[in-house]
Amino acid sequence: MNRSEAPKLKQTEHISIIAPKISSKFPVPFYYMKEVPNATSRLELYFNAGTIHGKIGLASVVSGLLLSGTKDMNSTEIHTKLDNLGAYTDVSIVHESVIITLYGLNDHLTEISSLYINSLSNTDFKQNEIDELLADRKQKLKINFEKVSFLAQREFTKNLFFKSKYGRVIEEQDYDFLTREEIIDFHTAHYLKGLYKVVLVGDFSESKVVKMQDLLSPLCVAKFPSFPNKLMNKAGRFSVPKERALQTAIRIGRIMFTRRHPDYIPFVILNTILGDYFGSRLMSNLREEKGYTYGINSMISEHLNTGYFFIATEVAAEHKESALKEICLELKKLQTELVESNELELVKNYLLGQLLKSADGPYAMTDLFVHLQNYGQDIDYYNQYIHEINEISAEKLLLCAKKYLNWDDLTIVTAG
Amino acid sequence: MIEFERFELSNGLKVLFHRDKTTPMAVVNTLYDVGARDEFEEKTGFAHLFEHLMFGGSVNIPDFDGPLQRAGGESNAFTSNDITNYFNHVPAQNIETPLWLESDRMLSLAFTEKSLEVQRQVVIEEFKQRYLNQPYGDVWLNLRPLAYKKHPYKWATIGKDISHIVDATMDDVRSFFKKYYHPNNAILCIAGNFESNYIHDKVSYWYRDIPKKLKPARIISSEPPQNDYRELILERNVPADAFYYAFKMSHRKSFEYYIADLLSDALGREKSSRLYNKLKKELNLVSEISSYITGSLDEGLLIISGKMNNGVNLEKLDKELWQELEAFLGKPMPQIEIDKLNIKIRTAREFQDQGLLNRAMNLCHYELLGDAAAINEDINVYQSITTENMLEVGKAILQKKNCSLLKIIRKNT
């Protein structure tokens with residue numbers, strides 16, 4: 001046996017995805033994945049209730065009060081009933097939506113859903129519940145202000161989504177200006193008529209699915225929401241002071257595009273090389289070569305009509321300037337030197353392997369498909385994705401880097 | 001039901017194979033029976049530092065991650081007070097790549113000075129990022145030595161002090177490897193859509209020539225019974241006072257472990273739990289409160305922790321908390337409440353078992369406990385817990401002389 005010789009590799013050539021069905025009898029997109037080989041199930045509800053709506057902080061506060069009680073049940077009673085059904089629930093808020101996720105065994109999910117929707121629809125927003133939540137939020141915010149990562153992210157958000165509702169960040173006193181009336185109005189406008197997408201996974205009978213649809217249809221939006229398609233970051237260097245911090249948090253990025261853009265896939269490859277896997281150039285340089293940091297990553301994120309790219313890390317305070325210099329050098333290198341075939345080959349294989357992993361199992365397949373649908377794309381997109389990855393050239397990546405990775409175009413934030 | 005096969009190589013390597021016909025991916029998981037509890041008190045943080053060095057190249061292969069990424073896979077690891085666990089996720093057709101890589105680093109590491117120097121820095125940054133540069137970040141660095149006086153659980157996995165990481169030498173690295181990293185101290189699990197023969201052949205091919213060594217004897221100071229109430233107050237630059245009540249509880253293999261787990265759920269896992277209701281919703285003393293167990297193999301801790309509302313002092317909470325615990329132990333828990341806790345556990349388990357990696361890791365974990373087959377049993381153990389069990393174990397655990405309290409209070413600036 002020759003241990004220094006690697007076993008032969010076989011590249012991933014295609015992925016097989018079972019797509020969820022799209023229901024034609026529902027006012028908004030309703031995706032249903034039935035092919036689940038076990039008793040688990042999940043219902044995901046997308047509401048047009050994200051942070052870009054209403055006064056600063058309002059959307060987030062309302063999302064925290066959805067199970068705070070109705071005329072007939074207080075919040076403890078609601079949670080006890082949900083727990084009796086074995087339910088796990090989650091509410092996450094992003095710029096463009098609130099996503100409510102209900103997890104449970106498929107025997108219980110219809111009952112869980114009906115309890116949840118009933119509570120959400122009839123929330124009466126008692127003043128004491130509002131006060132309690134506001135106090136909790138203020139405390140959390142104060143704690144977050146002690147974290148350099150939070151301070152950097154906040155300053156970055158302001159300048160990345162410059163002069164837009166996406167770039168708003170909350171101050172403690174903002175919570176004092178939210179009234180019960182505003183909360184009720186927001187709830188009426190963005191939840192009672194705010195549901196714009198539903199994703200159901202689990203093995204259910206036809207009649208149970210219909211039952212769930214009947215439950216949800218009164219909440220649907222009259223018209224599918226629209227979102228801005230132009231955002232601009234404010235380029236330049238911004239710093240947030242934090243006394244006695246041992247580490248400096250760094251965020252660097254810019255506004256990009258969604259996967260509808262022809263440069264999207266080349267940029268995905270470029271981003272992977274730069275900082276989106278363990279062997280990336282940023283990790284190799286700043287962590288594995290110099291030991292400045294525990295970790296550094298670069299990421300691509302998409303809204304419905306826009307997108308952005310950013311690098312995030314926490315580095316030893318004394319290495320802040322050297323770290324920025326190295327990050328800048330890595331970007332320059334991508335703009336001036338062709339990626340060597342060895343590295344390119346590795347990244348291509350890695351990306352294809354990751355694609356295979358991201359389509360493993362009914363939940364993953366559903367998420368992959370539903371995300372594609374946001375951009376009007378179908379499973380066929382992944383054939384194109386595999387094809388483009390296989391065909392990409394170092395020259396094309398260099399052009400892409402020249403176009404999108406100019407240091408002067410970036411928003412650069414440090415906190416520490 | 002998670003099915004698996006088990007076989008053992010002549011060098012002592014225990015191998016588990018779990019077939020899943022539905023997945024295009026494969027997992028190779030390796031558990032080494034070594035954790036921070038096996039360290040010397042003057043050289044803590046070493047098991048974890050060593051985990052970093054395992055990615056710095058092995059005797060025949062200069063780079064661990066590169067070849068795996070080239071195979072479309074990825075890898076990571078974690079260290080706890082009890083174990084060190086390495087996992088690889090790779091497209092099934094390239095299963096041999098992680099076997100090649102993992103077996104080579106089980107055979108021997110490259111032991112380069114460069115790797116030690118850099119990973120030392122990386123771990124120091126990890127220490128800062130997780131424990132020192134975060135509000136409440138040093139809680140576990142202080143709570144552990146309060147609760148444990150003898151047992152090595154008194155230090156955190158990251159180490160007792162940064163200086164221990166700074167002082168680690170290449171000799172330490174070599175002797176640690178020699179003692180703990182060999183087939184007889186490891187459990188390997190392969191999961192994916194393969195024929196059993198194929199896995200037997202491939203595992204045997206890559207691992208059989210790794211020399212057999214003696215499994216290291218574990219000599220750990222056991223923790224004497226507590227019998228005294230302990231309290232530590234720390235002033236920190238934090239916006240809210242916080243509390244951490246740590247109660248000693250039984251070890252992982254005991255029935256009492258499961259009962260304590262269920263107890264912690266009853267007290268403070270969800271928004272329908274006892275303490276959340278009483279201390280947050282009813283009395284409005286705290287902004288958050290929860291209860292959980294550390295889940296360690298030796299005698300562990302049941303924790304009740306949370307943060308105070310602005311303007312409420314910790315003494316008030318202390319009084320109400322003990323009163324509520326007393327009330328809780330004064331009456332048998334209704335069966336319906338136990339059923340509620342159990343259905344949550346069952347649901348969570350069903351979801352966890354979705355993941356191939358989870359299944360592979362858990363199989364190794366249960367095999368370490370004595371028998372991988374227990375992976376399918378422990379739901380039944382939870383289901384068998386009675387009202388009487390809850391009361392009895394609750395009374396044994398939730399008492400003052402079994403408690404260590406850490407209070408973090410705001411520095412007046």
Side-chain angles (χ1 to χ4, degrees), chain A residues 1 3-4 6-7 9-12 15-16 37-40 75-76 79-80 82-88 103-105 132 135-136 139 142-143 145-148 245-247 277-279 287-294 314-316 345-347 349-350 352-354 356-357 359-361 363, chain B residues 22-25 60-61 65-67 69-75 89-91 93-94 96-97 100 104 107 117-122 125-126 128-129 132-135 205 209 237-240 270-272 277 281 284 287-288 307 309-310 336 339-340 343-344 346-348 350-351 353-354 356:
Chain A
M1 169 193 332
R3 282 195 174 268
S4 42
L9 295 180
K10 198 161 168 277
Q11 213 192 65
T12 301
I15 57 166
S16 45
N38 52 52
T40 64
S75 70
T76 304
H79 282 106
T80 304
L82 284 169
D83 286 340
N84 283 337
L85 293 163
Y88 287 89
Y103 303 89
L105 301 179
E132 187 189 327
D136 291 352
Q139 191 186 82
K142 277 193 205 156
I143 294 171
F145 273 127
E146 296 298 315
K147 302 175 185 166
V148 289
L246 298 172
Q247 289 188 314
Y277 75 115
F278 197 86
R287 176 178 145 134
E288 296 299 303
E289 185 60 34
K290 306 211 169 62
Y292 290 165
T293 176
Y294 177 50
E314 271 87 71
V315 302
E345 199 65 26
L346 182 150
V347 166
N349 290 352
Y350 174 75
L352 295 173
Q354 290 306 298
L356 195 66
K357 185 177 156 196
D360 188 7
Y363 289 92
Chain B
T22 68
T23 177
M25 300 296 292
N60 297 297
I61 311 167
D65 283 298
Q69 287 151 357
R70 192 175 295 280
E74 61 183 348
S75 178
H89 219 143
V90 66
Q93 74 269 18
N94 292 333
E96 246 190 300
T97 302
W100 166 62
D104 201 55
L107 182 64
E117 285 326 306
V118 169
Q119 291 311 314
R120 193 200 303 279
Q121 287 312 309
V122 170
E125 289 311 311
E126 183 179 359
K128 292 185 200 162
Q129 189 167 324
L132 304 182
N133 206 33
Q134 294 290 340
Y205 178 79
D209 66 348
N237 275 313
V238 291
E270 302 280 355
K271 288 182 174 168
S272 71
N277 263 304
K281 298 309 285 187
N284 203 17
S287 58
E288 52 186 75
K307 294 192 178 71
N309 271 344
N310 214 349
I336 180 172
D339 292 345
K340 176 188 84 172
I343 187 175
K344 296 283 289 198
R346 194 157 69 84
T347 307
E350 288 277 350
F351 276 93
D353 285 350
Q354 295 267 317
L356 190 67

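Values below: all heavy atoms of this structure, side chains included; hydrogens, waters and symmetry mates excluded.
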Under 4.5 Å from any heavy atom of chain B - which part of [X]:
X      : result
A:I15  : neither
A:S75  : side chain
A:L9   : both
A:A6   : both
A:F145 : neither
A:A87  : backbone
A:E288 : both

Pairwise distance [atom1]([X]) to [atom2]([Y]) - rounded to 0.5 angstrom:
X      : Y      : atom1 : atom2 : answer
B:K340 : A:N84  : NZ    : CG    : 6.5 Å
B:D353 : A:N38  : CG    : CG    : 9.0 Å
B:N309 : A:E132 : CG    : CD    : 7.5 Å
A:T76  : B:N277 : OG1   : CG    : 4.0 Å
A:K10  : B:Q93  : NZ    : CD    : 5.5 Å
B:N133 : A:E314 : CG    : CD    : 8.0 Å

Closest approach of [X] and [Y], non-hydrogen atoms and distance?
X      : Y      : answer
B:A348 : A:Y88  : CB-OH, 3.5 Å
B:P91  : A:G353 : CG-CA, 3.8 Å
A:I143 : B:P135 : O-CG, 3.7 Å

Hey, are the side chains of [X] and [Y] touching, using non-hydrogen atoms and a 4.5 Å cut-off?
X      : Y      : value
B:E270 : A:L82  : no
A:Y103 : B:T347 : no
A:Y294 : B:K128 : no
B:E125 : A:V315 : no
B:K344 : A:D83  : yes

Side chain, backbone, both or neither: which part of [X] has a non-hydrogen atom closer than 4.5 Å to chain A?
X      : value
B:L132 : both
B:E117 : neither
B:Q69  : both
B:V122 : both

Heavy-atom pairs under 4.5 Å with chain B, option from [options] with the top count:
options                       : result
A:V148, A:V347, A:T293        : A:T293
A:E345, A:E289, A:Q11, A:Q247 : A:Q247
A:A39, A:G104, A:G361, A:A359 : A:G104
A:E146, A:R287, A:K147        : A:R287

| said: Please evaluate residues A:R3 and B:D209 with respect to the criterion side-chain contact (heavy atoms from CB on, under 4.5 Å), reporting the C-alpha separation (whole Å), side-chain torsions for both, the decisive distance (0.1 Å), and the verdict. | reply: CA-CA 11 Å; A:R3 282 195 174 268; B:D209 66 348; 3.1 Å; yes
Top contributor to chain A interface from [options] [non-hydrogen pairs under 4.5 Å]:
options                        : answer
B:P239, B:G73, B:P67           : B:P239
B:Q129, B:K271, B:Q119, B:E288 : B:Q129
B:D104, B:I61, B:L356, B:V238  : B:D104
B:Q134, B:Q354, B:E350         : B:Q354
B:E96, B:E126, B:R346          : B:E126
B:Q121, B:E74, B:R120          : B:E74

| request: Begin with the C-alpha distance, continue with both residues' side-chain angles, and end with the deciding distance and a verdict on side-chain contact (heavy atoms from CB on, under 4.5 Å) for B:N310 and A:K142. | output: CA-CA 12 Å; B:N310 214 349; A:K142 277 193 205 156; 3.8 Å; yes
| query | Judged by atom type as modelled, is there a donor-acceptor pair below 3.5 Å linking the side chain of A:D360 to the main-chain atoms of B:T23? | reply | no
| message | Run the side-chain contact (heavy atoms from CB on, under 4.5 Å) test on A:M1 and B:Y205 for me, step by step, so that the C-alpha distance in whole Å, both residues' side-chain angles and the decisive distance to 0.1 Å come before the verdict. | response | CA-CA 9 Å; A:M1 169 193 332; B:Y205 178 79; 3.6 Å; yes
